[in-house]
Novice: 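The structure follows.
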Amino acid sequence: MEVITAVKGFKDILPEETGRWHYVENIAREIFSRFGFKEIRLPVLEKTDLFKRGIGEATDIVEKEMYTFLDRGDEYLTLRPEATASVIRAYLEHSLYNAESVTRLFTIGPMFRRERPQKGRFRQFHQIDVELLGLDDPRADAEVILMLMHFLTTVGLSKVSLELNSLGCSACRPTFRTVITEFLQGKEEGLCEDCKRRLGSNPLRVFDCKSRECQEIIADAPHLSEFLCGDCQSHFGDVTSALTEFEIPYQINPRMVRGLDYYTKTAFEVTTEHLGSQNAVAGGGRYDRLVQELGGPDTPGIGFAIGFERLIALLEGADFSATPTPDLFVASLGDAAQKMAFVLCNSLRRKGIHAEQDFSAKSLKSQMKKANRLNCAYTLILGDREIEEKKAELRDMKAGTQQTLSLDNLDQSILKLIKER
RNA sequence: GUGGGUGUAGCUCAAAUGGUCAGAGUGCCGGGUUGUGGCCCCGGAGGUUGAGGGUUCAAGUCCCUUCACUCACCCCA
């Protein structure tokens, strides 16, 4: 019989790794709630149209990376490739905007994109996603970025850099778009295949194309910053000066465009040099049109997503072991001792003690070996001899001492000893 | 979707130019020693060398196909 393996790009998170996950999740929950964000849990499956409308039909994600299928032959469903669209969907579906004018939400969970797996990129991956809805104030941008950076440093990341750009709004971006389209006209031949295609759908993407020929062509192109409207300019200025005030280092990257259509104004990315070519740890931006695009009231928003696996990959070295170290190991030899150990262990567990035993009734030596490997604080030795003498030997592994306990009220005396430790 | 790399015991890896090459370490199991455990010593189980085909007297080693993993492009978190 052949063993069935996991689907390509879908990873198991093994017990030895879950400690890191808990560590990161705990810090996220604590910090985000301190900034007023509440957790929301969302389904992983959504109607395909949500992402087509939300992310944009012309994006790579929607064009070729989604897990989409026909459900019972009547509706197209998609495993969510990102969280923002789902958050907005829930926000609208439950009219959360009516409860309060500003809504701060975060969610943690798996996302799905059918890409070729590589270092730092999987088909199922996890994001920590934060969304702040109902504020167009630049302080909201600054606050969200501040929180992100604070979170990252608290978790223990130091060698990351923050890049910023303003993508303009519905007033100034279209102007810039026509400027770029005109600029690129007559230069199509030099562009890579992807950019030729992008020319019609999303010419701004040529900016962050990595091919050399495209970069040479676009190098002389005007920057979006020159075409920002007054509102966008002052907004971006307020964001950057707030970050400076908080002493958060950043770099303005005028070529950063981002691959999701919904971003407006502030866009940002946190990168590192230690992840191979998948250098983005977190990314986000403002999306003042998205809520309306999804059929809701005109509501501004800003948010970001952190790549959980990528973040964890940067945490190498530290000890986040989730392996519990038991209080007590009960080594037992013989049927009577096995039975007694079984009852004792489970009795102690129900009283709050982490007790372990070995069902296999192997040699005492191997049981002791196991107790040692598990790093148990105490070991209780129960053998035929001990039962006959109505006594058991308890060793304090750390202190190197041992004592004899009566079998009467054994669990009580052990409980007392461990609690007193 | 396009390239490159790799596939030998549970894990980490050895096996010059094809010819005792199917091994070591570690882990696991058992035994010895020990203050019934940690160190040390002895023994044991475990691999159709990813799969299929081909060349050859002979293939883990060469060729083809396929699969898996991996890195990079692309894109993104």
Side-chain angles (χ1 to χ4, degrees), chain A residues 2-9 11 16 55 58-66 80-84 108-130 148 152 160 192-195 197-198 202 205 208-212 214 256-260 263 267-272 275-285 303-314 329 331-333 337 358 360 362-376 378-386 392-393 395-398 400-402:
Chain A
E2 210 169 290
V3 173
I4 297 172
T5 59
V7 176
K8 183 201 273 286
K11 299 285 178 191
E16 60 194 38
I55 301 171
T59 58
D60 283 354
I61 293 176
V62 173
E63 267 181 0
K64 51 192 188 192
E65 294 174 3
M66 295 203 304
R80 62 179 182 190
E82 57 110 45
T84 304
I108 302 174
M111 309 294 156
F112 308 84
R113 292 183 199 174
R114 223 200 103 94
E115 303 174 272
R116 197 76 164 259
Q118 67 184 72
K119 191 180 174 73
R121 191 176 78 184
F122 314 104
R123 290 184 171 184
Q124 184 190 92
F125 60 102
H126 296 73
Q127 287 188 339
I128 304 174
D129 185 83
V130 169
L148 168 61
L152 292 177
V160 293
C192 71
E193 289 305 312
D194 285 329
C195 286
R197 186 173 47 80
R198 285 169 185 149
N202 197 347
R205 292 295 297 288
D208 61 4
C209 179
K210 280 172 185 158
S211 86
R212 184 170 298 168
C214 296
M256 184 175 69
V257 175
R258 304 197 56 72
L260 289 79
Y263 287 117
F268 55 95
E269 213 165 85
V270 178
T271 58
T272 172
L275 275 178
S277 69
Q278 308 304 313
N279 61 351
V281 185
F304 63 79
I306 301 165
F308 212 128
E309 284 84 351
R310 291 182 187 181
L311 177 58
I312 279 179
L314 294 169
F329 189 91
S332 52
L333 276 182
D358 196 320
S360 66
K362 284 184 286 205
S363 74
L364 190 56
K365 169 177 177 165
S366 68
Q367 294 191 50
M368 294 300 280
K369 221 171 170 179
K370 183 169 181 177
N372 190 53
R373 194 172 55 243
L374 292 172
N375 197 22
C376 299
Y378 287 97
T379 302
L380 185 77
I381 295 164
L382 268 180
D384 301 332
R385 205 194 307 164
E386 281 77 9
E393 183 185 315
R395 296 187 167 200
D396 185 329
M397 308 299 266
K398 303 259 162 70
T401 58
Q402 63 185 63

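FYI, side chains are in, hydrogens and waters are out, and symmetry mates aren't considered; it's all heavy atoms of this structure. Every chain is numbered from 1 and lettered A, B, ... according to where its sequence line falls, protein lines coming before strand lines. These numbers were taken from a predicted model, which means no experiment stands behind them.
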Novice: Rounded to the nearest angstrom, tell me the gap between atom CG in A:D129 and atom P in B:C76.
Specialist: 16 Å
Novice: For B:C29 and A:K370 - does any side-chain N or O of the residue sit under 4.0 Å from the phosphate oxygens OP1/OP2?
Specialist: no
Novice: Give me the distance, rounded to whole Å, that separates B:A15 from B:G19 when you measure between the P atoms they each carry.
Specialist: 13 Å
Novice: Report the residues that fulfil ring-ring contact (aromatic ring centres under 6.0 Å, His included) with A:F308, sequence neighbours left out, ordered by chain and then residue number.
Specialist: A:W21
Novice: Any base atoms under 4.0 Å from A:Q402, or only sugar-phosphate, or nothing? Heavy atoms, all strands.
Specialist: nothing
Novice: Just jot down the salt bridge (charged side-chain N to carboxylate O under 4.0 Å, His left out) partners of A:E82, sequence neighbours excluded, or say none.
Specialist: none
Novice: Would you measure the distance from the P atom in B:C11 across to the matching atom in B:C69 and give it in whole Å?
Specialist: 15 Å
Novice: Is the phosphate of B:C73 approached by A:Q118 (side-chain N or O, under 4.0 Å from OP1 or OP2)?
Specialist: yes
Novice: Under 4.0 Å, heavy atoms only, any strand: does A:G284 hit a base, just the sugar-phosphate, or nothing?
Specialist: nothing
Novice: Given a 3.5 Å cut-off on both pairing distances, which stems involving RNA chain B, each at least three consecutive Watson-Crick or G-U pairs, are present, if any?
Specialist: B:1-7 with B:67-73, B:10-13 with B:23-26, B:28-32 with B:40-44, B:50-54 with B:62-66
Novice: Quick check for you: among B:C76, B:C69, B:C74, whose closest atom lies nearest to any side-chain atom of A:K8?
Specialist: B:C69
Novice: Checking all strands, does A:A282 fall into the base, sugar-phosphate, or nothing category for heavy-atom contacts under 4.0 angstrom?
Specialist: sugar-phosphate
Novice: Who passes side-chain hydrogen bond (donor to acceptor under 3.5 Å, both in side chains) against A:E65, sequence neighbours left out?
Specialist: none
Novice: With C1' as the reference atom in both, quote the distance from B:G23 to B:C67 in angstrom, rounded to an integer.
Specialist: 27 Å
Novice: Taking the same atom, P, in B:A9 and in B:G46, what whole-Å distance lies between them?
Specialist: 15 Å
Novice: State which residues pass side-chain hydrogen bond (donor to acceptor under 3.5 Å, both in side chains) with A:N375; sequence neighbours excluded, sorted by chain then number.
Specialist: none
Novice: Nearest to the side chain of A:A280, heavy atoms from C-beta on, is which of B:A77, B:U36, B:C73?
Specialist: B:A77
Novice: Considering only side-chain heavy atoms of A:K119, which listed nucleotide, B:C74, B:G38, B:A72, is closest?
Specialist: B:A72
Novice: Can you tell me, in whole Å, how much space there is between the C1' of B:U33 and that of B:C41?
Specialist: 8 Å
Novice: Whole angstrom is fine here: how far is it from CD in A:E393 over to P in B:U36?
Specialist: 7 Å
Novice: Using the C1' atom as the point on both nucleotides, what is the distance between B:A68 and B:G30, in whole Å?
Specialist: 36 Å
Novice: Counting heavy atoms from C-beta on, name the nucleotide in B:C69, B:A77, B:G3 closest to the side chain of A:K11.
Specialist: B:C69
Novice: When you get a sec, tell me which of B:A77, B:U2, B:U36 is the closest nucleotide to the side chain of A:R116?
Specialist: B:U2
Novice: Could you say whether A:E309 or A:N372 is positioned toward the 5' end of RNA chain B, judged by the nucleotide with the nearest heavy atom to each?
Specialist: A:N372
Novice: If you measure from the C1' atom in B:C21 to the same atom in B:G47, how many Å do you get, rounded?
Specialist: 13 Å
Novice: Looking at the side chain of A:Q127, which of B:C73, B:A77, B:U70 is the nearest nucleotide?
Specialist: B:A77
Novice: If the P atom of B:C29 is compared with that of B:G7, how far apart are they to the nearest Å?
Specialist: 30 Å
Novice: Any N or O donor-acceptor pair under 3.5 Å from the base of B:C74 to the side chain of A:R121?
Specialist: yes
Novice: Heavy atoms under 4.0 Å is the rule here; annotate nucleotides 39-45 of chain B 5' to 3' with B where the base is hit, S where only the sugar-phosphate is, and - elsewhere.
Specialist: -------
Novice: Report the distance from atom NZ of A:K64 to atom P of B:C73, rounded to the nearest whole Å.
Specialist: 14 Å
Novice: Whole angstrom is fine here: how far is it from CG in A:N279 over to P in B:C74?
Specialist: 11 Å
